[in-house]
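Only heavy atoms go into these numbers, but all of them, side chains included; no hydrogens, no water, no symmetry mates. Treat the numbers as computed from the prediction; the structure is a model and nothing was measured. Lettering follows sequence order; numbering is per chain, from 1.
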2 protein chains.
Amino acid sequence: MFATLEIGNGELMKKLELFEENQQEIASLAKVLSHPARIAILQFLASTPTCISGDISDYLPLSRTTVSQHLKELKSMGLIQGDVEGLKIKYCLNKEGIEKLKSVFGDLFEEITPLENKIC
Amino acid sequence: MFATLEIGNGELMKKLELFEENQQEIASLAKVLSHPARIAILQFLASTPTCISGDISDYLPLSRTTVSQHLKELKSMGLIQGDVEGLKIKYCLNKEGIEKLKSVFGDLFEEITPLENKIC
DNA sequence: AATTAATGACGTATGTTTGCGACATTAGAA
DNA sequence: TTCTAATGTCGCAAACATACGTCATTAATT
């Protein structure tokens, strides 16, 4: 048995017990995009032919340590990948992760289209 | 005179002094989407004909006070609007804000398309 | 006018994120 | 083998986010 509640005009609506998978997935992806440094990193990786870790921290107005953490977060959400090349590490966008990101947000954006005829 | 730095193959790249407007705007919009409650609110508003504040807090597994704060954040980023109707407040999606959101993310997603032929 | 209901604002406790210096690890150069 | 450079990890401090109880405000009801 679900907990339900009545909304405005007598319709019944299921009360969320917890947030849904879907909502948590969107929120996690949004969180990784919620810092300008991480946006800058994605844009940098998309626009340069090389992608050595050190180049990224030289480019950003942040310490190497801090950039390393941002890279770790982007990697943990699958948006970038890092391939070891001797002593250096080459970072680049992860095709699958970026596609996933686009599709998840695409679905959300379709879902939240305001109705033209709504009385509000 | 810009600070510059050499990347990989001898190209010069401008060092960011601060994060750019563009990057900060994307990050702020992403931040407002970075909590499952706020995603749930947007979906709820898109899917119900009415949108009284109290209905939203009844629906979510959070206290009324907490929901009120999330509504405030969504409103401050222009994604929703709240119209006073006597004692109640009717919330709904803000067409302009939602369109802005879609266009900003659309631009980002176009920008960060991984190249098919990149050696990485 | 007094009561009730819907709501936002304030304060505060607890948890999370960010930024960074110091240290550890490892590949290649001397 | 020793030195240097590129990188990640750890631990801390400061800033920020989240959740919520209590209080204030105001509209409608009695």
Side-chain angles (χ1 to χ4, degrees), chain A residues 5-8 15-19 23-24 26-41 44-45 50-77 80-92 120, chain B residues 5-8 16-19 23-24 27-41 44-45 50-77 80-92 120:
Chain A
L5 57 119
E6 200 180 330
I7 54 175
K15 182 187 174 78
L16 278 181
E17 299 297 331
L18 262 177
F19 297 107
Q23 293 158 344
Q24 292 183 220
I26 298 170
S28 310
L29 282 168
K31 181 169 284 170
V32 89
L33 299 181
S34 74
H35 194 291
R38 293 192 288 267
I39 301 297
I41 290 170
F44 185 96
L45 290 184
T50 60
C51 33
I52 303 302
S53 170
D55 291 341
I56 305 171
S57 18
D58 287 345
Y59 171 62
L60 295 177
L62 291 172
S63 79
R64 196 185 55 68
T65 315
T66 304
V67 172
S68 179
Q69 264 180 254
H70 286 304
L71 288 170
K72 194 169 143 192
E73 280 180 78
L74 285 163
K75 198 171 164 189
S76 82
M77 285 304 293
I80 66 173
Q81 63 190 89
D83 300 307
V84 177
E85 177 133 322
L87 190 51
K88 301 184 176 182
I89 299 188
K90 272 170 64 169
Y91 279 98
C92 60
C120 199
Chain B
L5 56 118
E6 200 180 330
I7 53 174
L16 279 180
E17 299 296 333
L18 262 177
F19 298 108
Q23 293 158 345
Q24 291 182 218
S28 309
L29 283 168
K31 181 169 285 170
V32 89
L33 299 182
S34 75
H35 194 289
R38 292 191 290 267
I39 300 298
I41 290 171
F44 185 96
L45 292 184
T50 60
C51 34
I52 303 300
S53 169
D55 292 341
I56 305 171
S57 17
D58 287 344
Y59 171 62
L60 295 177
L62 290 172
S63 80
R64 196 187 54 71
T65 317
T66 305
V67 171
S68 179
Q69 263 181 257
H70 286 304
L71 288 170
K72 193 169 144 192
E73 280 178 78
L74 285 163
K75 198 171 163 189
S76 83
M77 285 305 292
I80 67 173
Q81 63 189 89
D83 300 307
V84 177
E85 177 132 325
L87 191 50
K88 301 185 176 182
I89 299 187
K90 272 171 63 170
Y91 279 99
C92 61
C120 199

- Message: Quick check on the helix from C:dA1-D:dT30 to C:dA30-D:dT1: what's the angle between its two end axes, five base pairs per end, to the nearest 10°?
- Response: 10°
- When all nucleic acid strands are considered with a 4.0 Å heavy-atom cut-off, which category describes B:Lys75: base, sugar-phosphate, or nothing? nothing
- Note on the structure: Rounded to the nearest 0.5 Å, the CD1 atom of B:Ile56 sits from the CG atom of B:Leu62 at a distance of 12.0 Å
- Query: Roughly how far, to the nearest 0.5 Å, is CD1 of A:Ile89 from CD of A:Gln81?
  - Reply: 12.5 Å
- Query: Using a cut-off of 4.0 Å on non-hydrogen atoms, how would the nucleic acid contact of B:Glu85 be classed: base, sugar-phosphate, or nothing?
  - Reply: nothing
- Contact under 4.0 Å: B:Ser68 side-chain N or O vs C:dT7 OP1/OP2: no
- chain B on DNA chain D: first and last contacting nucleotide, 5' to 3', under 4.0 Å to a heavy atom? D:dA17 to D:dA28
- Side chain A:Arg64 and base C:dG19 donor-acceptor under 3.5 Å: no
- Query: Can you check the B:Asp83 CG to C:dA6 P distance for me, whole Å?
  - Reply: 19 Å
- Message: Show the nearest heavy-atom pair for residues B:Gly82 and B:Lys75, with the distance to one decimal.
- Response: N-CE, 4.1 Å
- In whole angstrom, what separates B:Ile56's CD1 from C:dA6's P? 14 Å
- How long is the line joining NE2 of A:His35 and P of C:dT18, in whole Å? 5 Å
- Item | Interatomic distance where CZ belongs to A:Arg38 and P belongs to C:dG19 [whole Å] | 8 Å
- Presence of A:His70 side-chain N/O under 4.0 Å of C:dT17 phosphate oxygens OP1/OP2: no
- Item | B:Tyr91 side chain near C:dG8 phosphate (N/O to OP1/OP2, under 4.0 Å) | yes
- Task: Provide the closest heavy-atom pair for B:Tyr91 versus B:Ser53 in the form atom of the first, atom of the second, distance.
- Result: CE1-CB, 3.8 Å
- d(CD1, A:Ile52; P, C:dG28) in whole Å: 13 Å
- Message: Classify A:Ser53 by what it touches in the nucleic acid, base, sugar-phosphate, or nothing, heavy-atom distance under 4.0 Å.
- Response: sugar-phosphate
- Message: What is the separation between atom CG on B:Leu71 and atom C1' on C:dA9, rounded to the nearest whole Å?
- Response: 14 Å
- Starting at CG of A:Leu33, measure out to CE of A:Met77 and round the result to the nearest 0.5 Å. 8.5 Å
- Query: How far does CD1 of A:Ile26 sit from CG of A:Leu29, to the nearest 0.5 angstrom?
  - Reply: 8.5 Å
Name the atoms and distances for all side-chain donor-acceptor pairs under 3.5 Å in residues 63-70 of chain B, with sequence neighbours left out.
unit_1: B:Ser63; atom_1: OG; unit_2: B:Thr65; atom_2: N; d: 3.4
unit_1: B:Ser63; atom_1: OG; unit_2: B:Thr66; atom_2: N; d: 3.2
unit_1: B:Ser63; atom_1: OG; unit_2: B:Thr66; atom_2: OG1; d: 3.0
unit_1: B:His70; atom_1: ND1; unit_2: B:Arg38; atom_2: NH1; d: 3.0

- Message: Parallel, tilted or perpendicular: which one describes the rings of A:His35 and B:Phe19, with boundaries at 30° and 60°?
- Response: perpendicular
- On DNA chain C, check which nucleotide each of A:Leu87 and A:Lys31 is closest to and give me the residue with the more 5' one. A:Lys31
- Task: Provide the closest heavy-atom pair for B:Cys51 versus B:Leu45 in the form atom of the first, atom of the second, distance.
- Result: CB-CD2, 3.4 Å
- Note on the structure: The residue, A:Gln69 or B:Gln69, whose nearest nucleotide of DNA chain C is more 5′ is B:Gln69
- Note on the structure: Here the distance between atom P of C:dT18 and atom CG of A:Leu74, to the nearest Å, is 11 Å
- Task: Calculate, to the nearest 0.5 Å, the distance between atoms CD1 and CG belonging to B:Ile41 and B:Leu71 respectively.
- Result: 4.5 Å
